[in-house]
Structures are given as C-alpha cells and as structure tokens.
Amino acid sequence: MNLYDTIIQILLENKVLLLFLVIALGYFIGRIKIAGFSFGVAAVLFVGLAFGALHPDMALPDIVYILGLVLFVYTIGLRSGASFFASFKKSGLRDNLLVLSVLMVSAFLTILLGNWLDLKKSLMAGVYCGSLTNTPALASVIDILKNVPGRHTDSQMRDMLAEPVVGYSLTYPIGVMGVILLFQLGMKFWRIDMRKEAEATVELTGVSLEELEHINVLVTNPRLNGKTLAEVSEFAGLRQFVVSRRLPKGQSEIEIPGEDTIIFTGDVLTLVGHTSELEKIQTLFGISSDKDLSMDAGVVGSRRIFVSRKSVVGKTVRELDLHRKFNAVITRIRRGDVDLPMSEDMPLEAGDRVRVVAPRDKIQEISKFLGDSYQRLSEVDYISFSIGIAMGLLIGMIPIPLPGGSSFKLGFAAGPLLVALILGKLGRSGNFIWVMSYNANFTLRQLGAVFFLAGIGIKSGYSFYTTFQSEGFHLIVLGAVVTLFTAGITILVARLFFKMPYNLMMGMMSALHTQPACLAFANEKDATGAANISYATVFPTAMVAKILLAQLILNW
C-alpha cells in the first residue's frame, strides 16, 4: 500500500480526524487575502469538497452537518430577532420592502433562466444561494432534499445532496466579487465624495457615529428653570444624551441627577453624548463652563461594569431604576466595539459594558447588582438554549398544507430560525433568558457553520466533479447574471429613487447579500462605519427571505 492509499485509509477510519483536518485547512485558506478578497469561513466548504472527492466513502455521519445547521441558524435568529422586528419602522420599512422585492425578482429570474438552460431545480437553488452568498439558505435546501419522500440508495442521496452544493460553490466567489466590483464602478460613475456622503447620513438617520464625549455647561436658559430633566428632554425633543453630574448653584457638593431631578439657572451640568449633538444640547442649556465636574475628587466616581447577571439582562435602563436604588446613573453602553447613545428605553444585553456614575461607596454594590463577571459572559444557559432549539425542531416537524393536497415542513433550518427570531425579540420570559452574550453567540454560530460546511462539503465532494463537467459553465453564467442583476438594480433604485447616501447603500447591499466581506469593503471606504446602520436594518429580512425563496425555487 503506497502513502496515498495509507492516508486515505486513515481518514476513512477516523472521521473525527477528517472533520477537524478539513476545518483547520479551511480556516487557514479562508484567511488568505488576494486583492482584498478572502473566502472566510466558506473556504471550509471548498476544502471539504476536495477531501470528499478523494474516495466515494469519504463522508461524515449526517448528524455532524445537521447539528452544525441547527446551531448556525438558531444563533443567527437569536442575534437578529430584535433588529428584525424593529427594522419595519420608518425608512427601514421602505428599505426592507426594496430588499424583499429584489430578492423575489431574483428568485423568479433564477427559475426562468434555469429552465431555459434546462437545469435541475436543486442546481438552481444552489446557484441562488451561492450568487447571493447565503449559507443558511443552502442549509435549508439540503434539509428539504434529505427528507424527499421515496427510497434512495446512499449513492443516490449523496448525488442529490451534492447538486445544490455544486451550484453554491461555483457561484459563491462571483457573489462576493461581483458586488464589490459594482461598488467600485458606482463610486467612479457618480464621483462619490465619502465626506459629503457621511454628512448626508447624519441628516438622514439622525444617528451620529462619532465617539461619545462629555462637556460641562452652565445653565442660563430661563425657560428650563424649575423643570425636571425628563421635562427638558421632552421639551427639546432630545433623547440621546444623559446628564451624569450636577453642581447646584451656590453649593460645593456634586450630585448625580435622575430623570426627576429639577434644574435651575446657575447649575453646572456634565452632559454626555455625541460631539456634534452636544453643541446643540449646550445651546439649549446655556454656555460652556470651565468647571470640570468629572475631575472632582469628591464622593462621586465612575466605573465600567460588565452586565452578566441573569436578572438584569433584557431589562431597560429605566426598569433597573439605578438612580432610586443607588443614586447612580448609566452614562454609556458599549456593545461589542461600539459606544451606543444612552436611552432610558434601551434594554441591556449580556456582555454590555456600562459606564456608571455613582457615589464611590456604592460602586461595588452596583457591580454586584449588574454582575460584572467576565467568566459568566462566556457561559451558555444550556437549559433555555436547549429548550429553544427543541421548540424550533418541533415546529420544523409540523406538516404545513399546500394547495393540491401536498405539504411541506420547515425542517431543521427554518423551524429553529423562526423560533429563534421570536425568542431573540422577547429576550427573556420570566426566569428564562433566551439571548446570550455576543461572544458566546458568535462562538456557537461559528462552530455550527464549520460543522455544517465541512460535513456537507465532504459528503458532496465525490459527486461534485461529475456535475461540474456537465453543467459547470451554465451554472457560472447563471450565477453571474443573478448577482449582477440583484446588485445592479438595488444600487440604481437606492441611489436614483431613494437618494440614499452611498455609504448607507453599500451597507444595505452587503446585507442583501448577507456578505460580511462586502460590508468590510464598505467600512474600508467610509471610516465612519455608517454602512453598519443599513446593514443591521435589512440583514434579518434578507436572511429569512433567501431561506424561504431558495425553498420556493426547489419546490417550484
């Protein structure tokens, strides 16, 4: 037996070794950048296809990719739930309707051209998923094929599951590079000035992406005399700022104000907000003060605290009522790598780092109240996590009747995703905390993705070459048409009809393709990160729509 045969035999007999070898090589290749482009985690799929092509029996047990699929879509749903339901407001409704309409037209274009090229429906569905770079949609297609009624041999099932994977694999690179190419062409055609686009973004969204700062002001506006801070906010229509300290006129001891604190002319206040907004707020209150209350060495202090205690996760800042309990106020909330503008109606998530201003002797007590445990942030509440997944799997098993007497099931993909979106919106139900910290969610999501991609890639690899030989050119052409049509029509409508700033448009396009590489390109061109706003607005809609439309193509 030569070395090649020996290696093949070792891999055939050691499935766990095969799984992690594919994941390791896939991750390594996925990090390689060529002209700013990299495959990322999708490279695990391509490595899996290569290994699977080595031998007809080179496959992992189905439970590997099914487990990965469930983890992947469920964690996506949890993370997207709140923003998914919140996105159907104001201009977000318009943007989501545009994305939904374009995706539907693209699906019917795929069916039309696929029939013209005489392609199988499973190949069409794979092309749709790949040209729009959506792995969960591919997962839902494979889930449906796996449950196709009738008797199939292992070889027939392997060939059937390979077809959408082939379509996805051949068109995925086009789905990424085609969008970035159109971004570049649009910038040259319209002669985009990103500085002007950033200014238009602030005017349109009312959300500044600047760092949070603080200023000290002397209250001189007589119209505010005797009003509470809540009344001032309502009177001025300003929400995204907070007053962290107050020095009453004629006194030397600094206070920590709350919503019901009454202010008077002559008071000195410390205001926290975005730089551009603070100028407007200062004009409302009065004039700048040279007394810096944040440098006072008295009884008031501040501290960054991790939110990790289960009883406070999911509650709004107002519901926590820190001012009444501890004479304290939250001035900033940092989620991930971003400082968010503080609002009394903002719910806290596990992993948030909040800056609290409070009496120094209360800070330790507040830390205990909020949790402040970094270790706990990495933990997963496996009771609520497992209950949520179990509910999703049960929902996925329910037959949904269709006209003509047929029926379909949501399956392992859409069932858990639907439940996760609802639970992500709820946040908590009594003692059950459905959401988890960003770090824990991301880790489980990535684990699910690589298990799914490695499992389905290895399983489909041996059938890949045959399908590529017969249909490869047609699939690539169809994928290019779908990608360029989808991206092109969206850019034209957003720019010409909606007059959307180019940075926001790039974010929306990146979300329509659910493609982080395109979002990274947009953020590279516009350092303000404005693309993240529109990306978050339409991403959940695009994700769910593509999952359902890919299934529609398969069952058309």
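No side-chain donor-acceptor contact under 3.5 Å links D260 and T228. When only modelled atom types and interatomic distance are considered, T220 and T265 share no side-chain donor-acceptor pair under 3.5 Å. Side chains of N96 and T541: a donor on one and an acceptor on the other come within 3.5 Å.
A donor-acceptor pair is defined here as one N or O able to donate and one able to accept, closer than 3.5 Å; no such pair exists between the side chain of D352 and the backbone of V307. Formation of a donor-acceptor pair under 3.5 Å by the K325 side chain with backbone atoms of L320 is found in this model. With H323 contributing its side chain and R318 its backbone, the two residues share no donor-acceptor pair below 3.5 Å. For the pair R495 (side chain) and M500 (backbone), a donor-acceptor distance under 3.5 Å is present. Judged purely by atom type and a 3.5 angstrom limit, T133 uses its side chain to pair as donor or acceptor with the backbone of H513. Judged purely by atom type and a 3.5 angstrom limit, R309 uses its side chain to pair as donor or acceptor with the backbone of F369. At distances below 3.5 Å, not a single donor-acceptor pair connects side-chain atoms of Y27 with backbone N or O atoms of V450. E319 contributes a side-chain N or O that, together with a main-chain N or O of T316, makes up a donor-acceptor pair within less than 3.5 Å. Of the possible donor and acceptor atoms, one in the side chain of K546 sits under 3.5 Å from a partner among the backbone N and O of L132. Of the possible donor and acceptor atoms, none in the side chain of S289 sits under 3.5 Å from a partner among the backbone N and O of V268.
Looking at heavy atoms from C-beta onward, L393 lies in side-chain contact with V70 at the 4.5 angstrom threshold. For the pair F264 and P248, the minimum side-chain heavy-atom distance is 4.5 Å or more. You'll find the side chain of L19 reaches within 4.5 Å of the side chain of V64, heavy atoms only. Between L444 and F385 there is a side-chain heavy-atom pair separated by less than 4.5 Å. Under the 4.5 Å side-chain criterion, counting only non-hydrogen atoms from C-beta, P416 is not in contact with I389. Contact check for T490 versus M508: side-chain heavy atoms found under the 4.5 Å cut-off. Counting heavy atoms from C-beta outward, I330 and R355 have side chains that stay 4.5 Å or more apart. Using a 4.5 Å cut-off on side-chain heavy atoms (C-beta onward), L98 and S101 make no contact.
Across F432 and I387, no two heavy atoms sit closer than the pair CE2-CD1, 3.7 Å. Contact record, G266 with L218: O-CD1, 3.5 Å, taken as the closest heavy-atom pair. Nearest heavy atom pair, residue A328 against residue V356, reads CB-CG1, 3.9 Å. Taking all atoms of both residues into account, the shortest heavy-atom contact from A550 to V141 is CB-CG2, 3.7 Å. The heavy-atom pair separating I142 from Y65 by the smallest distance is CG2-CE1, 4.0 Å. Taking both residues in full, the closest heavy atoms of V312 and L370 are given as CG2-O, 4.0 Å, listed atom of the first, atom of the second, then distance.
Here the straight-line distance linking atom OG1 of T270 with atom CG of L247 works out to 9.0 Å at 0.5 Å rounding. Interatomic distance, K368 NZ to I366 CD1, rounded to the nearest 0.5 Å: 13.5 Å. Annotation: the span from Q364 atom CD to I305 atom CD1 amounts to 8.5 Å, rounded to 0.5 Å. Atom CG of residue L103 and atom CE of residue M543 lie 11.5 Å apart, to the nearest 0.5 angstrom. The line from CG of L271 to CZ of F285 is 5.5 Å long, rounded to the nearest 0.5 Å. In this structure, CG on L512 lies 11.0 Å from CG on D95, to the nearest 0.5 angstrom.
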- Show your reasoning for whether side-chain contact (heavy atoms from CB on, under 4.5 Å) applies to E231 and I262. CA-CA 9 Å; E231 290 172 336; I262 299 173; over 6 Å; no
* Y74 and L69: CA distance, side-chain angles, deciding distance, side-chain contact (heavy atoms from CB on, under 4.5 Å) verdict -> CA-CA 8 Å; Y74 185 76; L69 164 63; over 6 Å; no
Exercise for review: Quick one: do R304 and V354 satisfy side-chain contact (heavy atoms from CB on, under 4.5 Å)? Show the steps, please.
Suggested key: CA-CA 5 Å; R304 287 271 194 184; V354 298; over 6 Å; no
- [ ] Please assess F451 against I23 for the test side-chain contact (heavy atoms from CB on, under 4.5 Å), listing each intermediate value before the final yes or no.
- [x] CA-CA 8 Å; F451 271 39; I23 292 173; 4.1 Å; yes
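Residue F498 qualifies as enclosed at atom CZ: its count of foreign heavy atoms under 6.0 Å is above 12. Counting heavy atoms of neighbouring residues, nucleotides and ligands inside a 6.0 Å radius, atom CZ of F28 does not exceed 12 of them. Residue L394 qualifies as enclosed at atom CG: its count of foreign heavy atoms under 6.0 Å is above 12.
R246 and D267 are joined by a salt bridge, as a carboxylate oxygen and a charged side-chain nitrogen come within less than 4.0 angstrom of each other.
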